[in-house]
Amino acid sequence: MAAGLRQLPNLITTARILMVPVVIWLILKGMVAEAFWVFLFAGFSDGLDGWIAKRFDARTELGAWLDPIADKLLIAGTFIALGGQNLVPVWLVMLVASRDVLIMGAVMLGQTMGQPFAIAPSRASKINTAAQIGLALMVMAMAAAMLPGHGPTDERHWRTVTELLMLVVAATTLTSGAGYLGRWLSHARTHDHEPRDDADGRPPS
């Protein structure tokens with residue numbers, strides 16, 4: 001396989017990371033419609049790099065680290081910006097951000113202790129990510145008046161949909177966060193009494 005194709009998913013993932021400050025800046029500047037399209041493109045790139053990596057067997061160790069980091073930066077950064085503009089409640093922003101901090105903290109602690117912890121997404125985590133992306137898009141679309149219908153009835157309808165999505169995001173965030181915590185505690189107990197080797201800096205298989 002050509003080296004360029006093998007690195008293409010990593011380049012797409014890196015581009016997604018670079019889109020994070022753009023999305024945040026656009027939201028904070030009140031340019032929510034523009035932020036919507038950049039965020040949508042970033043979300044599309046997440047599926048694209050994964051498809052290329054699987055389709056052409058272009059998986060790399062770097063990509064195994066970059067992809068989840070890019071996703072967490074994009075979602076957490078977007079929610080924090082939306083919360084700063086009072087488009088998402090603070091409690092939900094704190095819940096989403098806390099889960100990502102918990103996961104990344106567990107990974108870094110495992111590496112420091114020489115007990116690398118795999119962060120392969122669970123089914124609950126995949127549902128959670130989809131719900132978070134859907135909610136962020138819905139909130140931005142509402143704020144930019146991009147949804148069909150402009151009457152009071154339509155507005156109440158979309159607000160109800162958004163509130164339901166918030167509940168789904170909260171429930172799946174708690175569920176997936178608890179799942180990761182349980183896996184990390186089990187992982188730590190399993191390795192607690194094993195001889196410790198120096199971490200080689202490589203992601204878990």
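Hydrogens, waters and symmetry mates are skipped; everything else that's a heavy atom, side chains included, is used. Values in this document were obtained by computation on a predicted structure and should not be read as measured data.
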Item to check | Min side-chain heavy-atom separation Phe56-Pro9 under 4.5 Å | outcome: no
Checklist entry - How many angstroms lie between atom CD1 of Ile69 and atom CG of Leu74, to the nearest 0.5 angstrom? => result 13.5 Å
Item to check | Which atom of Thr175 lies closest to which atom of Ala124, heavy atoms considered | outcome: CG2-CB, 4.2 Å
Checklist entry - What about Leu167 and Met142, same hydrophobic cluster or not, with Ile/Leu/Val/Met/Phe/Trp/Tyr joined at side-chain heavy-atom distances under 4.5 Å? => result no
Checklist entry - Is Met146 atom CE crowded by more than 12 heavy atoms from other residues, nucleotides or ligands, each under 6.0 Å away? => result yes
Item to check | Worked verdict on Ile27 versus Met140 for side-chain contact (heavy atoms from CB on, under 4.5 Å) | outcome: CA-CA 9 Å; Ile27 292 173; Met140 286 187 277; 4.1 Å; yes
Checklist entry - Linking I/L/V/M/F/W/Y whenever any side-chain heavy atoms sit under 4.5 Å apart, do Val101 and Val88 land together? => result no
Item to check | Derivation and outcome, side-chain contact (heavy atoms from CB on, under 4.5 Å), residues Leu135 and Phe79 | outcome: CA-CA 10 Å; Leu135 176 60; Phe79 269 80; 3.9 Å; yes
Item to check | No-hydrogen, no-angle side-chain donor-acceptor test under 3.5 Å, Arg99 and Ser125 | outcome: yes
Next on the checklist: Let me check something: do Trp91 and Val93 share a hydrophobic cluster, defined by ILVMFWY side-chain heavy atoms less than 4.5 Å apart, either directly or through other members?
Outcome noted: yes
Checklist entry - Would Leu164 end up clustered with Leu174 when hydrophobic side chains under 4.5 Å apart are linked, directly or stepwise? => result no
Checklist entry - Quick one: does Leu147's side chain get under 4.5 Å of Met138's, heavy atoms only? => result yes
Item to check | Salt bridge Glu155-Arg159, side-chain N to carboxylate O under 4.0 Å | outcome: yes
Checklist outcome for this item: Distance col, row Ile75:CD1 vs Asp100:CG, nearest 0.5 angstrom, shows 7.0 Å
Checklist outcome for this item: Value for NE2 (His157) from OG1 (Thr162), rounded to nearest 0.5 Å, stands at 9.0 Å
Checklist entry - Between CG of Leu66 and CG of Leu73, what distance do you get to the nearest 0.5 Å? => result 10.0 Å
Next on the checklist: Using the side chain to side chain donor-acceptor pair (under 3.5 Å) criterion, which residues pair with Thr172? Sequence neighbours excluded.
Outcome noted: Asn128
Counting only pairs under 3.5 Å, give me each side-chain donor-acceptor contact of residues 30-45, with atom names and distances, residues two or more places apart or in other chains.
| from | atom 1 | to | atom 2 | distance (Å) |
| --- | --- | --- | --- | --- |
| Ser45 | OG | Arg16 | NH1 | 3.4 |
| Ser45 | OG | Ala42 | O | 2.6 |

Item to check | Contact summary for Ala70 and Ile17, nearest pair of heavy atoms | outcome: CB-CG1, 3.5 Å
Checklist entry - Checking side-chain contact (heavy atoms from CB on, under 4.5 Å) for the pair Thr78/Ile24: CA distance, chi angles, key distance, verdict? => result CA-CA 6 Å; Thr78 300; Ile24 294 173; 5.6 Å; no
Checklist entry - Any side-chain heavy atom of Thr129 sitting closer than 4.5 Å to one from Asp71? => result no
Checklist entry - With no hydrogens and no angle check, do the side chains of Thr60 and Asn10 hold a donor and an acceptor under 3.5 Å apart? => result yes
Checklist entry - Do Ile103 and Lys72 come within less than 4.5 Å of each other through their side chains, counting heavy atoms only? => result yes
Next on the checklist: Are Trp25 and Leu18 connected into the same hydrophobic cluster when the rule is that any two of I, L, V, M, F, W, Y join if their side-chain heavy atoms are below 4.5 Å apart?
Outcome noted: no
Checklist entry - When you look at Met94 and Val90, which way does the side-chain contact (heavy atoms from CB on, under 4.5 Å) test go after all the steps? => result CA-CA 6 Å; Met94 293 180 65; Val90 174; 3.9 Å; yes
Item to check | Between CG on residue Leu95 and CE on residue Met166, distance to nearest 0.5 Å | outcome: 12.5 Å
Next on the checklist: For residues 80-95, which residue pairs pass the salt bridge (charged side-chain N to carboxylate O under 4.0 Å, His left out) check, not counting sequence neighbours?
Outcome noted: none
Checklist entry - Under the 3.5 angstrom rule, does the side chain of Trp51 hit a backbone N or O of Asp46 as a donor-acceptor pair? => result no
